[in-house]
Amino acid sequence: MFKRLKEDIEVVFEQDPAARTYFEVILTYSGLHAIWAHRLAHTMYKRKFYFLARVISQISRFFTGIEIHPGAKIGRRLFIDHGMGVVIGETCEIGDNVTIFQGVTLGGTGKEKGKRHPTIKDNALIATGAKVLGSITIGENSKIGAGSVVLKEVPPNSTVVGIPGRVVIRDGVKVNKDLNHCDLPDPTADRFKEIESEMEHLRKELNNLKLERSIKHGN
């Protein structure tokens, strides 16, 4: 047990250059507090003390701003940086050496039963504000870009960005060499283009009706 606690502290020093002393990390790192609370809540959950498990997780949420369902399975050396707004669902499975930043959601897509949350494999990184939704798998050594919304499987050794998320790098090679930041999918701009196209179509139909009416009345 103490070996695992020490390991949780050491990963903070490895990942965060702002960490200075053990005393500081133990007392002030909310991500660490949330992980420790989850380990206790998960133990209660596995022993079917569901109410007690939820109480522990909700107390942890109140103090840390990080919500981890007690049913979630978390591996070793998870690092939650800053952490505020992180949500991890009940059937989520997280491997070893995973890094999660603030505002990340590992959630479901509806009210489906069974496995409905993501599986995050070893050494993955989920950047600020990313949403990974549904019973999908994020492969080993993969990175999810800030603000991305991921709804499909991500292969190992991949980098995903955008809404919806798309693989832009796999095994160190760009999937689309012409993809720049300004070319990322923009659903709002796409919808405006559709509206403009529909308006132009309606304008042409209106002009045709006016022309037909003018010819009919001999003008």
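Remember, predicted model here, so these are calculated numbers, not experimental data.
By the 4.5 Å heavy-atom criterion applied to side chains, E200 and E196 are not counted as neighbours. The shortest distance between side-chain heavy atoms of D81 and Q15 does not fall below 4.5 Å. Residues T105 and L133 have side chains in contact (heavy-atom distance under 4.5 Å, counting atoms from C-beta outward).
Taken to the nearest 0.5 Å, the OG1 atom of T64 stands 12.5 Å off from the NE2 atom of H38. Atom OG1 of T43 is separated from atom CG of L52 by 10.5 Å, given to the nearest 0.5 angstrom. Between the CD1 atom of I68 and the CD1 atom of I100 there is a distance of 7.5 Å, given to the nearest 0.5 Å. The NE2 atom of H69 lies 14.0 Å from the CG atom of L106; values are rounded to the nearest 0.5 Å. Separating the OG1 atom in T137 from the CD atom in E153 is a distance of 4.5 Å, to the nearest 0.5 Å. Interatomic distance, CE of M44 versus CD1 of I56, reported as 6.0 Å (0.5 Å rounding).
Under a hydrophobic-cluster definition in which Ile, Leu, Val, Met, Phe, Trp and Tyr are linked whenever side-chain heavy atoms come within less than 4.5 Å, directly or via other members, V167 and I120 are assigned to the same cluster. The hydrophobic cluster containing F101 does not contain V132, counting ILVMFWY residues as joined when their side-chain heavy atoms lie under 4.5 angstrom apart, directly or transitively. Grouping the Ile, Leu, Val, Met, Phe, Trp and Tyr side chains by contacts below 4.5 angstrom, directly or via other members, places M84 apart from I80. Hydrophobic clustering, with ILVMFWY side chains joined whenever heavy atoms are under 4.5 angstrom apart, keeps V160 apart from L125. In the hydrophobic clustering of ILVMFWY residues, with side-chain heavy atoms under 4.5 Å counting as a link, L40 and F62 come out apart.
Side-chain atoms of S142 do not come within 3.5 Å of backbone N or O of T159 as any donor-acceptor pair. Judged by distance alone, with hydrogens and angles left aside, the side-chain atoms of T91 form a donor-acceptor pair with the main-chain N or O of H117 at under 3.5 Å. Judged by distance alone, with hydrogens and angles left aside, the side-chain atoms of S158 form a donor-acceptor pair with the main-chain N or O of P156 at under 3.5 Å.
In summary, the side chains of D122 and N97 do not present any donor paired with an acceptor at a separation below 3.5 Å, with no hydrogens or angles considered.
For CZ of R116, the number of neighbouring non-hydrogen atoms (other residues, nucleotides, ligands) closer than 6.0 Å is greater than 12. By the neighbour-count criterion of 12 heavy atoms within 6.0 Å, atom NZ of K152 is sparsely surrounded, having that number or fewer from other residues, nucleotides or ligands. Within 6.0 Å of NZ on K121 lie no more than 12 heavy atoms contributed by other residues, nucleotides or ligands.
Classified by interplanar angle (parallel below 30°, tilted 30° to 60°, perpendicular above 60°), the ring pair F13/Y22 is tilted.
I138 and V154 get closest at one heavy-atom pair: CD1-CG2, 3.5 Å.
Taking the side-chain hydrogen bond (donor to acceptor under 3.5 Å, both in side chains) definition, one finds that D8 meets it with W36, R39, sequence neighbours left out. Considering only residues two or more places apart in sequence or on other chains, E24 meets the side-chain hydrogen bond (donor to acceptor under 3.5 Å, both in side chains) condition with none of them.
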